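All of these numbers come straight from a predicted model, not from anything done at the bench. Chain A is the first sequence line, chain B the second, and so forth, proteins listed ahead of strands; every chain is numbered from 1. Excluded from the calculations below are hydrogen atoms, water molecules and symmetry mates; all remaining heavy atoms, backbone and side chain alike, are included.
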Number of protein chains: 2
Amino acid sequence: MAQNTDEGTTGERAYRRIRGDILQGRLAPAEKLKLERLKEDYGVSVSTLREVLSRLSSEKLVVAEGQRGFEVAPVSAEELKDIASLRLLLEVHAIAQSFQSGDMDWEARVVAAHHKLAAMEDKKKTEGSPDIETWKRYDWEFHQALISACGSRELMETHGAVFDKYLRYQMLALTDRGEIAAREHRQLMELALNRDAAKAGEVLKAHINGGVEHALAVGRIV
Amino acid sequence: MAQNTDEGTTGERAYRRIRGDILQGRLAPAEKLKLERLKEDYGVSVSTLREVLSRLSSEKLVVAEGQRGFEVAPVSAEELKDIASLRLLLEVHAIAQSFQSGDMDWEARVVAAHHKLAAMEDKKKTEGSPDIETWKRYDWEFHQALISACGSRELMETHGAVFDKYLRYQMLALTDRGEIAAREHRQLMELALNRDAAKAGEVLKAHINGGVEHALAVGRIV
DNA sequence: TCAATAGGTAATTTCAAAAATATATGATGA
DNA sequence: TCATCATATATTTTTGAAATTACCTATTGA
């Protein structure tokens with residue numbers, strides 16, 4: 001076969017591509033994933049695909065029923081609310097831990113991540129929405145930075161998985177409540193520097209609930 | 001090939017078997033999983049194995065590094081404590097929700113699950129430890145019953161995954177603090193019927209921390 | 001007309017072997 | 001003795017095709 005130009009194995013790359021396509025809605029919810037077609041689209045064999053899809057079914061991003069193949073996990077308003085409330089539980093707790101034991105390096109990570117995110121939000125406001133993909137990645141990195149001093153690898157990984165599923169809904173709804181979210185992000189950063197976990201929990205709750213409301217308001221999600 | 005005598009596909013069955021063997025320590029932590037050997041042991045092809053192992057690597061029960069194959073996830077005292085604290089966070093929250101909105105059916109499930117578990121704990125005390133596998137399953141089912149009215153599928157699934165990893169450590173340590181655990185289980189049931197979530201949280205905290213201490217005391221975990 | 005079934009097609013699941021990669025072995029030179 | 005490189009072996013990764021199962025269509029009989 002061809003040489004590995006990118007990092008990792010062929011399957012690894014296919015995994016990242018397919019996962020990204022699901023999270024960004026290029027593979028629509030509940031869409032049937034026929035192996036023959038995917039084989040064409042991603043240029044890998046069925047066995048490799050199967051490996052990738054099995055992995056994604058463990059993450060609940062695809063469903064694999066019996067002997068009837070794979071499909072992209074469906075979406076529902078109920079699941080969105082459910083995911084959001086789990087994200088809130090994990091993130092509030094992680095933030096409290098982080099605020100308690102975060103050192104100077106942690107503060108630097110938070111400020112740096114917020115800087116990149118805020119720059120993106122500014123650019124988005126002036127020039128429309130240029131690159132939603134990197135914008136959402138900065139969002140991810142900011143929230144990850146906030147909890148990065150919580151001291152629990154398990155908590156961070158679990159939160160990351162839930163966050164990804166949450167982000168999928170945001171991408172599907174193409175929700176863009178930019179200015180409000182930007183203000184909340186700034187508040188969170190400031191509360192981090194002041195170590196005010198209680199207030200940060202409230203802001204986060206409003207932040208997440210606002211995101212849910214906005215996503216549901218678009219009406220694309222049944 | 002041979003007919004499917006059991007439920008599901010061949011890969012499905014291999015998945016359950018291998019997963020069980022990891023959780024019960026028959027496949028030791030950090031053990032290298034050579035495909036040729038597994039192929040012999042489980043009677044499936046390498047592609048199918050690969051599919052199974054990929055899935056398990058998503059659950060963090062095996063690690064898959066680069067082009068160097070798979071191995072059983074290692075264990076550490078630190079990870080045990082980490083897992084236990086995440087379990088506590090999820091289960092306390094789920095219990096609070098459950099206690100609030102549990103109906104009569106829920107109470108019945110809790111009582112029924114406790115009955116089976118208590119019977120098993122009694123039998124274990126008199127006859128030694130007969131069937132650790134089903135005993136732990138009853139343990140699992142009791143705790144699952146307690147949170148089964150929490151109203152959040154995501155929370156229950158996430159809790160289930162964490163609980164399984166916790167159980168793996170208990171199996172590895174062959175810990176058996178039966179009478180104390182049995183008393184705590186009874187307390188949890190009674191607190192459920194009285195809807196005393198706050199007290200239940202405290203008991204659960206002691207329950208889990210006790211399990212951790214006991215597992216670490218055995219000294220089998222580095 | 002409708003239900004049931006048989007036959008054919010499409011899809012999934014499983015396998016075994018080829019290709020790619022890593023690991024071990026041993027020889028060579030400083 | 002030790003490091004380095006080349007060769008050989010072992011293992012993983014990927015593929016394409018065979019075996020199995022599900023799905024669709026049309027025919028038959030009531």
S.K.: Classify the ring geometry between F163(B) and H143(B) as parallel (under 30°), tilted (30 to 60°) or perpendicular (over 60°).
M.R.: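 The arrangement is tilted - the two ring planes meet at 30° to 60°.
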
S.K.: Rounded to whole Å, how long is the line connecting atom CZ of R13(A) with atom C1' of dT14(D)?
M.R.: 12 Å

S.K.: Mind listing the closest non-hydrogen atom pair of S58(A) and E59(B) along with its distance?
M.R.: OG-OE2, 3.7 Å

S.K.: May I ask you to verify if any side-chain N or O of Q67(A) is less than 4.0 angstrom from the OP1 or OP2 atom of dA22(D)?
M.R.: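 So the side-chain polar atoms of Q67(A) do come within 4.0 Å of the phosphate oxygens OP1 or OP2 of dA22(D), strictly under.
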
S.K.: Rounded to the nearest Å, what distance is computed from the CD atom of residue E51(B) to the C1' atom of nucleotide dC15(C)?
M.R.: 12 Å

S.K.: Would you mind telling me which of dT14(C), dT15(D), dA22(D) lies closest to the side-chain atoms of T10(B)?
M.R.: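 Among the listed nucleotides, the one closest to the side chain of T10(B) is dT14(C).
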
S.K.: Counting only side-chain heavy atoms from C-beta out, which of dT14(C), dA22(D), dA22(C) sits nearest to R68(B)?
M.R.: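 The nucleotide sitting nearest to the side chain is dA22(C).
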
S.K.: For N209(B), give me all partners under side chain to side chain contact (heavy atoms under 4.5 Å, CB included), at least two apart in sequence or on another chain.
M.R.: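 If we apply the side chain to side chain contact (heavy atoms under 4.5 Å, CB included) test to N209(B), skipping adjacent residues, the hits are K205(B).
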
S.K.: Atom CD of E65(A) to atom P of dT21(D): distance rounded to whole Å?
M.R.: 17 Å

S.K.: Would you say the side chain of H207(A) lies within less than 4.5 Å of the side chain of H185(A), judging by non-hydrogen atoms?
M.R.: yes

S.K.: Between Y169(A) and E79(A), is any side-chain donor less than 3.5 angstrom from a side-chain acceptor?
M.R.: yes

S.K.: Distance check needed: dT12(D) P versus L49(B) CG, whole Å only.
M.R.: 10 Å

S.K.: Please report whether the ring centroid of W140(B) lies less than 6.0 Å from that of Y166(B).
M.R.: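 No, too far apart.
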
S.K.: Within residues 32-47 of chain B, which residues have any heavy atom lying less than 4.0 Å from an atom of DNA chain C?
M.R.: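 Those residues whose heavy atoms fall under 4.0 Å from DNA chain C, taken from residues 32-47 of chain B in numerical order, are V44(B), S45(B), V46(B), S47(B).
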
